[in-house]
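Both ligands and their constituent atoms are indexed starting at 1 by order of listing.
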Amino acid sequence: RAKTITGRSLCYYDAAMDEAARERNAIAKDLKRALKDEEFRLFYQVQQSVVSGEITGYEALIRWKHPVRGFVSPMDFISVAEESGAIVEIGAWVLRTACREAAGWGNDLKIAVNLSPVQLNDASLIETVRQVLVETCLSPSRLELEITESTIIGDKIHALHQLRQIKAMGVTIAIDDFGTGYASLDTLNSFPFDKIKIDRSFLMEADKSAQARAIVRAILALGKSLEIPVLAEGVETEAQLGLLREEGCEEAQGYLLGRPVEFIGAVKAA
Ligand code: C2E
Ligand code: MG
Ligand code: MG
Ligand code: MG
């Protein structure tokens, strides 16, 4: 009897795997068409100074406006785009669009753009960044590229070499989702990052957990001693913002301060 149950659950598992694989395949095919059909959109989420409340910049976050599925979350298609390689083209579109729109804001706010590990390993990245900056006339110091620790686990030497070249153009580099990877400190030690973004999981816990608060404090202390400004992601409550203020965190981002929005009009008015 036990055997039957095992057999059945295995069967069920396989069917689910199959379904997931089919779904990813369908998405992979659809991504190519989506780029051509201009179905991607950029939303922007505000980043601001903890002390003054002043807006310091916006992070560009991709959305897929699918004709049938509606808005598809990046969580559901970025990894597929990475597997198929489509992320190189999609990422170049994100970079170009974000820089073009930011150049039109009429201010000198930062525009933060997420970079996939696949883009960082691709040899075309340097030329893409250079071209986009020339084409959009965006001042390089306004562009910030966000990379996660996992971004530089592939070919580390090559990735760091590319980052150095980008930084030499005057573009700044932030380490995203800090504290969640397995080699956070090593990553921090291997490259002169311009900003540390504390992962939002620590902020989410901070209201209830003394341990999470201790980790937030430790990351802030690390930033202080390395002289790297720290931004906290996922700030949803006044209590969290209060903690950041007390502990000397430079910048914050989260639903409390603003959700990602599509319209640049909102940016201009800010
Ligand atoms: P991320 O770069 O860490 O971006 C922050 C994510 O947290 C965004 O999710 C944002 O909407 C969400 N968020 C911001 N504030 C809060 C908050 O207070 N509470 C909660 N619960 N969430 C908050 P989103 O837009 O779904 O993006 C998810 C991830 O997808 C991003 O994480 C990033 O890793 C990736 N991604 C988004 N756009 C791009 C892109 O253009 N290129 C690449 N390569 N990856 C992207
Ligand atoms: Mg990010
Ligand atoms: Mg993040
Ligand atoms: Mg993330």
Side-chain angles (χ1 to χ4, degrees), residues 31 34-35 39-48 50 57-65 70-102 110-122 125 128-129 132 143-152 154 159 172-181 184 187 193-207 216 219 230-241 243-244 251-262:
L31 280 170
L35 194 61
E39 287 172 8
F40 294 112
R41 298 283 180 278
L42 289 185
F43 275 50
Y44 296 93
Q45 187 179 31
V46 71
Q47 303 181 323
Q48 62 188 58
V50 168
Y58 285 84
E59 177 176 4
L61 295 160
I62 194 169
R63 301 289 180 261
W64 181 6
K65 203 171 175 182
F71 274 107
V72 184
S73 153
M75 305 289 226
D76 296 326
F77 70 86
I78 292 289
S79 70
V80 180
E82 287 173 341
E83 263 170 40
S84 75
I87 192 70
V88 172
E89 246 184 287
I90 295 172
W93 177 86
V94 170
L95 201 61
R96 181 167 293 111
T97 306
C99 290
R100 197 199 318 113
E101 297 196 341
K110 282 229 173 207
I111 175 69
V113 174
N114 292 285
L115 212 62
S116 150
V118 178
Q119 288 175 273
L120 191 56
N121 283 326
D122 196 276
L125 180 70
T128 302
V129 173
V132 163
L143 177 61
E144 183 151 86
L145 297 180
E146 296 193 357
I147 67 166
T148 60
E149 287 161 58
S150 61
T151 306
I152 40 183
T172 59
I173 314 285
I175 180 161
D176 203 355
D177 301 347
F178 186 78
T180 55
S184 298
T187 307
F193 289 98
D194 300 288
K195 189 179 287 176
I196 296 171
K197 296 187 74 176
I198 307 182
D199 190 70
R200 72 164 191 264
S201 57
F202 300 113
L203 265 289
M204 270 160 61
E205 300 282 308
D207 284 346
V216 170
I219 298 175
V230 178
L231 179 150
E233 302 190 276
V235 178
E236 294 186 358
T237 68
E238 285 293 347
Q240 291 164 353
L241 190 61
L243 170 74
L244 296 174
E251 286 177 55
Q253 180 180 349
Y255 293 168
L256 178 72
L257 309 167
R259 293 198 173 239
V261 289
E262 182 166 17

Novice: Do E39 and K65 sit within salt-bridge range, that is, some charged N less than 4.0 Å from a carboxylate O?
Specialist: no

Novice: Under a 3.5 Å threshold, yes or no: a donor from one side chain and an acceptor from the other, between Q47 and Q253?
Specialist: yes

Novice: Show the atoms of ligand 1 that are less than 4.0 angstrom away from any heavy atom in G234.
Specialist: 16 (C), 17 (C), 18 (O)

Novice: Check each of K197, E59, E236 against atom 21 (N) of ligand 1 and report the one with the nearest heavy atom.
Specialist: E236

Novice: side-chain contact (heavy atoms from CB on, under 4.5 Å) with L115: which of I87, I173, T148, L125?
Specialist: L125

Novice: So does E59 have any N/O/S atom less than 2.8 Å away from the Mg ion (ligand 2)?
Specialist: yes

Novice: Would you say CD of E236 has more than 12 non-hydrogen atoms from neighbouring residues, nucleotides or ligands within 6.0 angstrom?
Specialist: yes

Novice: Check each atom of ligand 1 against the heavy atoms of Q45 and keep those under 4.0 Å away; list them by number with element.
Specialist: 14 (C), 15 (N)

Novice: Pick one: which of L61, T97, V94 meets side-chain contact (heavy atoms from CB on, under 4.5 Å) with V113?
Specialist: V94

Novice: Under a 4.0 Å threshold between the charged nitrogen and the carboxylate oxygen, would E205 count as salt-bridged to R200?
Specialist: no

Novice: Aromatic rings W93 and F40: how do their planes relate, parallel, tilted or perpendicular, breaks at 30° and 60°?
Specialist: tilted

Novice: Closest to the Mg ion (ligand 3), which N/O/S atom of D176 is it?
Specialist: OD1

Novice: Calculate, to the nearest 0.5 Å, the distance between atoms CG and CG belonging to L244 and L203 respectively.
Specialist: 5.5 Å

Novice: Less than 4.0 angstrom from a charged side-chain N to a carboxylate O is my criterion; do E251 and K195 meet it?
Specialist: yes

Novice: Heavy-atom distances under 4.0 Å decide this one: backbone, side chain, both or neither, for D177 against ligand 1?
Specialist: side chain

Novice: Regarding R63 and the six-membered ring of F71, is the cationic atom NZ or CZ under 6.0 Å from the ring centre and inside 45° of its axis?
Specialist: no

Novice: Should one rank W93, F43, Y255 by closest heavy-atom distance to atom 16 (C) of ligand 1, which comes out on top?
Specialist: Y255

Novice: We want to know whether E262 and Y44 form a side-chain donor-acceptor pair, criterion being a heavy-atom distance below 3.5 angstrom.
Specialist: no

Novice: Any idea which part of D199 is under 4.0 Å from ligand 1, heavy-atom wise: side chain, backbone, both or neither?
Specialist: neither

Novice: Quick check on the Mg ion (ligand 2): does N114 put an N/O/S atom closer than 2.8 Å to it?
Specialist: yes

Novice: Restricting to N, O or S atoms, which atom of E146 is closest to the Mg ion (ligand 2)?
Specialist: OE1

Novice: Within the 4.0 Å heavy-atom shell around P260, which atoms of ligand 1 are there?
Specialist: 11 (O)

Novice: Would you say the Mg ion (ligand 3) has D199 as a near neighbour, meaning an N/O/S atom of that residue under 2.8 Å away?
Specialist: no

Novice: Output the atom name for the N/O/S atom of D177 with the smallest distance to the Mg ion (ligand 3).
Specialist: OD1

Novice: Counting heavy atoms only, which part of S116 comes closer than 4.0 Å to ligand 1: side chain, backbone, both or neither?
Specialist: both

Novice: Go through ligand 1 atom by atom and flag the ones less than 4.0 Å from a non-hydrogen atom of M75.
Specialist: 28 (C)

Novice: What part of I62, side chain from CB on, backbone N/CA/C/O, both or neither, has a heavy atom under 4.0 Å from ligand 1?
Specialist: both

Novice: Given R200, R63, E233, identify the one with the heavy atom nearest to atom 6 (C) of ligand 1.
Specialist: R200

